Number of protein chains: 2
Amino acid sequence: MAPNLDSFFQTVDSNADAFIERLRQAVAIPSISADEARRQDVVKMGMFLKAQLETLGAKMEARPLGKQPGKEHLELPPAVIGRYPAKKQEGKRTILVYGHYDVQPAEKSDGWNTEPFELSVDDKGRMYGRGSTDDKGPVLGWVNVIESHQKAGVDFPVNLLMCFEGMEEYGSEGLDDFIVAECKPGKFFEDADAVCISDNYWLGTEKPCLTYGLRGCSYYSIEISGPGQDLHSGVFGGTAQEPMTDLTRVMGSLVDTNGKIQIPGLYELVAPLTKEEQSLYSNIAFTMDNLYESLGSKTGIFDKKEETLMGRWRYPSLSLHGIEGAFSQPGAKTVIPAKVTGKFSIRTVPDMEPHEVDSLVFSYVKDQFAKLSSKNKLNVFLQHSGKWWVASPNHWNFTAAAKAVEKVWKIKPDLTREGGSIPVTLTFEQATGKNVLLLPMGSSTDAAHSINEKLDRKNYIEGIKLLGAYLHYVAEEPTS
Amino acid sequence: MAPNLDSFFQTVDSNADAFIERLRQAVAIPSISADEARRQDVVKMGMFLKAQLETLGAKMEARPLGKQPGKEHLELPPAVIGRYPAKKQEGKRTILVYGHYDVQPAEKSDGWNTEPFELSVDDKGRMYGRGSTDDKGPVLGWVNVIESHQKAGVDFPVNLLMCFEGMEEYGSEGLDDFIVAECKPGKFFEDADAVCISDNYWLGTEKPCLTYGLRGCSYYSIEISGPGQDLHSGVFGGTAQEPMTDLTRVMGSLVDTNGKIQIPGLYELVAPLTKEEQSLYSNIAFTMDNLYESLGSKTGIFDKKEETLMGRWRYPSLSLHGIEGAFSQPGAKTVIPAKVTGKFSIRTVPDMEPHEVDSLVFSYVKDQFAKLSSKNKLNVFLQHSGKWWVASPNHWNFTAAAKAVEKVWKIKPDLTREGGSIPVTLTFEQATGKNVLLLPMGSSTDAAHSINEKLDRKNYIEGIKLLGAYLHYVAEEPTS
Ligand SMILES: [Zn+2]
Ligand SMILES: [Zn+2]
Ligand SMILES: [Zn+2]
Ligand SMILES: [Zn+2]
């Protein structure tokens with residue numbers, strides 16, 4: 001039997017302005033985790049969130065995560081964790097939700113049309129502001145769900161565990177160990193029955209989705225060095241072997257214009273495409289025009305939507321990000337850089353084991369460099385890697401969420417994967433041993449991490465209903 | 001008959017401390033032309049120089065060069081020009097000398113062992129300080145020559161015209177037109193019989209040289225763009241054609257590890273090597289160890305000195321400088337840059353006409369890009385070009401200088417060319433129609449443009465003698 005959510009929904013609608021005001025207050029705190037000078041604002045944002053939830057009766061804790069690695073003068077912002085209701089209600093499922101209260105850097109001069117740290121709502125209900133969609137809107141969504149239940153006088157259907165961090169946009173420093181520790185017996189998150197993360201986006205703008213897979217990411221550096229210091233190309237050009245020449249040639253051998261990775265053996269690690277999986281892609285609400293719109297161009301690799309979705313979700317890709325140590329400013333400088341470091345990453349998919357990928361990469365890069373017969377020195381290494389993740393979309397956590405989507409948005413959600421990585425997803429899965437669901441609030445046009453980030457008013461308000469409805473369906477979904 | 005220079009030389013020696021003090025005062029003025037905030041220091045340095053010369057009786061003018069192109073709120077520092085003696089002495093040759101009173105940027109934190117704007121003389125007589133060798137030492141050399149003649153009571157052998165600029169390290173903004181205008185009939189530099197520029201370095205540390213050739217430089221950009229904005233590699237990797245992939249492949253096709261330019265037809269523009277020219281290189285005071293020392297490594301292209309010198313002086317070279325628009329910071333960023341601009345330059349030699357080089361470059365780059373069948377957009381263009389220069393070392397301007405070197409340093413100078421460009425050289429040659437000589441004061445280890453720039457006390461003091469002796473030999477050298 002579907003839970004009766006009408007009174008909760010009505011309360012959300014009638015409190016919409018207050019919820020937008022709450023988002024406005026949060027956006028006004030420039031909680032940029034990448035910026036040392038803003039560290040106190042990150043902490044302030046964590047305390048704001050904690051206070052809001054405490055006011056609603058949640059049991060909250062701000063847990064220190066220690067010093068920031070490599071910047072030992074800086075304290076990491078705390079993990080803000082909590083439980084609602086404050087006392088565990090036996091007989092109800094316990095859902096652990098995750099979000100982050102830090103944001104990407106933003107300056108008006110980057111090209112924003114409005115002040116990035118002032119929420120600006122336009123006449124189409126687009127609410128512009130840094131963090132609006134990533135991830136303050138969704139995080140406040142949980143706060144608003146609790147408040148709406150109280151105002152509507154509706155019993156809270158589950159035990160809610162919360163884990164909100166303040167370093168997500170800077171590599172979630174310190175969080176992994178914390179999660180692992182707190183999922184152990186006797187610890188804060190020990191009794192989670194499932195996990196829900198609201199920190200991604202719909203595939204398009206019209207149809208909600210539930211996300212059950214993410215690609216991994218292995219990030220590499222190729223360092224080539226020769227001279228003892230940067231050289232003047234007039235004096236040394238034509239007499240010295242130049243590291244940039246070698247690096248460009250090695251980087252140019254990694255991938256072709258159509259994204260085909262040139263590293264032998266790499267595609268053999270990829271799980272074969274089954275007929276069943278292949279049939280899933282044509283039903284997804286996605287068109288090539290969606291791609292072209294988000295690209296801002298027609299420079300896609302494939303002409304068909306199915307191939308494009310598979311290229312994004314279920315096949316690896318290799319991107320060249322740039323070169324450190326070379327001339328990168330506007331204008332002209334006639335330098336021969338002494339040491340240059342090329343950066344690239346590979347998005348990985350089932351069943352690619354990261355260490356197998358590493359060894360294929362290292363030996364290919366070394367082979368390509370050896371072919372140059374250069375006297376320069378090569379060093380290729382992994383900067384970091386995060387593994388891909390795929391969950392079962394047949395689990396009750398997903399079927400409950402699907403019902404909630406249908407209730408709120410009157411449409412069945414697409415079951416999607418994503419091309420990007422949200423490393424904490426895998427951490428939660430491994431630490432809890434439970435199913436993890438990605439339940440997005442915002443849409444594909446929200447421009448997280450870009451200028452003019454926004455969250456549509458409709459996505460925020462219906463999103464609050466969605467998060468609440470999800471908890472109700474989760475409460476009554478049979479074990480799957 | 002060799003001029004009797006003994007009394008001039010003795011006066012230089014007995015005033016050495018005062019000349020070093022003069023250099024100390026000049027180094028203390030941080031006349032960094034690239035730094036807007038230091039513009040007043042550049043002007044101050046120009047005024048310092050003007051005042052010193054006026055005190056010695058020279059007729060000096062500070063000529064405004066207008067606003068700085070692209071930074072119209074900034075006045076360019078003046079061209080400080082002069083004549084000594086103040087009134088032209090008929091029957092004497094007129095020599096136009098050039099130098100610059102601005103310097104490269106420098107901060108102690110760049111890695112200097114001493115304060116860059118405090119002249120620090122160590123126990124080996126190495127005088128460290130920004131501008132010591134480039135080009136305040138040589139410029140003050142002319143001042144010291146005048147003062148020493150006065151103190152020694154030796155008649156000044158020539159009419160000296162001076163042209164000192166304050167924007168050399170920032171592209172000599174505004175100077176070309178000024179020189180061309182002032183070399184016209186009735187103008188300040190109209191009666192120059194020859195030109196002498198002291199703004200380069202010996203090939204090594206032991207043997208002086210006279211420089212009669214420079215390579216040109218044509219600087220290109222390859223711009224490749226596709227998406228409307230930078231993309232996230234998780235979301236778009238494997239679905240979008242990436243500009244960096246294309247650019248890396250095109251840049252990788254320009255030159256190989258051994259410096260061999262891959263552009264068809266380019267080497268055919270190069271003047272063939274004659275037997276006579278080939279025989280010159282083995283006598284030059286230069287060893288492979290000199291190269292390895294200045295490289296700070298053994299990553300040279302050639303094993304032989306002759307090939308190395310030819311690679312530097314008389315053959316073209318192509319260097320890849322870097323990429324604008326890509327990720328160039330330390331760390332890891334998973335961006336797909338939307339628009340990337342690769343920078344490279346070609347050092348040109350006789351008889352390469354710059355516009356012919358341009359068209360070979362443009363068509364090769366377009367061909368290489370076309371081979372990729374990419375949907376991205378290519379734009380390849382010239383940023384700037386300066387032509388190569390070769391003068392006749394048999395001219396009296398050079399034979400006089402050679403005699404001066406032998407008198408001061410007791411050794412015949414090497415006749416050298418350089419791999420780099422000093423664009424003002426060609427401007428003076430074309431504007432005056434007269435022979436131009438490059439007469440260096442400092443040595444190869446002076447580290448102009450680097451940290452710990454220095455001028456050896458011996459090179460400074462003997463260099464003053466050299467500049468003075470040159471004027472004496474120039475006065476009596478028969479027309480060649
Ligand atoms: Zn996020
Ligand atoms: Zn984010
Ligand atoms: Zn200079
Ligand atoms: Zn310089």
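Note that the coordinates shown come from a computational prediction; the quantities given were computed from them, not determined experimentally. Quick note on labels: first sequence line is chain A, next is B, and so on, each numbered from 1. FYI, side chains are in, hydrogens and waters are out, and symmetry mates aren't considered; it's all heavy atoms of this structure.
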Taking all non-hydrogen atoms of both residues, which atom of [X] and which atom of [Y] are closest, and how far apart?
X: Gly252(B); Y: Thr248(A); answer: N-CG2, 3.3 Å
X: Ser317(A); Y: Gly238(B); answer: CB-N, 3.3 Å
X: Ser294(B); Y: Leu231(A); answer: O-CD2, 4.2 Å
X: Thr308(B); Y: Thr239(A); answer: O-CG2, 3.2 Å
X: Met244(B); Y: Met251(A); answer: CE-CE, 4.5 Å
X: Leu320(B); Y: Glu242(A); answer: N-OE1, 3.9 Å

How long is the gap from [atom1] on [X] to [atom2] on [Y], to the nearest 0.5 Å?
X: Lys375(A); Y: Ile301(B); atom1: NZ; atom2: CD1; value: 8.0 Å
X: Thr257(A); Y: Arg249(B); atom1: OG1; atom2: CZ; value: 6.5 Å
X: Lys260(A); Y: Thr245(B); atom1: NZ; atom2: OG1; value: 14.5 Å
X: Asn376(B); Y: Thr299(A); atom1: CG; atom2: OG1; value: 5.0 Å

Go through the atoms of [X] and report whether side chain, backbone, both or neither lie under 4.5 Å from a heavy atom of chain A.
X: Ile323(B); answer: both
X: Arg312(B); answer: both
X: Leu318(B); answer: backbone
X: His321(B); answer: both
X: Tyr315(B); answer: neither
X: His449(B); answer: neither
X: Asp256(B); answer: both
X: Lys377(B); answer: neither
X: Pro330(B); answer: both

Chain A contacts, top residue of [options] (heavy-atom pairs, under 4.5 Å):
options: Ser421(B), Ala240(B), Gly296(B), Cys217(B); result: Ala240(B)
options: Gly311(B), Pro316(B), Gly420(B), Gly259(B); result: Gly311(B)
options: Gln383(B), Glu324(B), His384(B); result: Glu324(B)
options: Ser221(B), Pro243(B), Ser328(B); result: Ser328(B)
options: Tyr292(B), Trp313(B), Tyr219(B); result: Tyr219(B)
options: Tyr220(B), Phe327(B), Phe344(B); result: Phe327(B)

Under a 4.5 Å heavy-atom cutoff, which of [options] has the most pairs with chain B?
options: Thr341(A), Leu309(A), Thr334(A); value: Thr334(A)
options: Val255(A), Ile346(A), Ile336(A); value: Val255(A)
options: Ala326(A), Ser225(A), Gly331(A); value: Gly331(A)

- Task: Would you check, one step at a time, whether the test side-chain hydrogen bond (donor to acceptor under 3.5 Å, both in side chains) holds for Ser319(B) with Ser233(A)?
- Result: CA-CA 7 Å; Ser319(B) 295; Ser233(A) 68; 4.6 Å; no
- Message: Is it the case that the side chain of Lys343(B) and the backbone of Ala332(A) share a donor-acceptor pair, with hydrogens and angles ignored and the cut-off at 3.5 Å?
- Response: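 Flag not set: sc Lys343(B) to bb Ala332(A) has no pair under 3.5 Å.
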Counting only heavy atoms not in [X] (residues, nucleotides, ligands), do more than 12 fall under 6.0 Å from its [atom1]?
X: Lys71(B); atom1: NZ; value: yes
X: Lys304(A); atom1: NZ; value: no
X: Glu293(B); atom1: CD; value: no

- Message: Any heavy-atom pair between the side chains of Ser450(B) and Gln229(A) that's under 4.5 Å?
- Response: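 Result no, sub-4.5 Å side-chain heavy-atom pair not found.
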- Mind checking whether Val235(B) and Glu418(A) have side chains closer than 4.5 Å, heavy atoms only?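 Counting from C-beta outward, Val235(B) and Glu418(A) never come under 4.5 Å.
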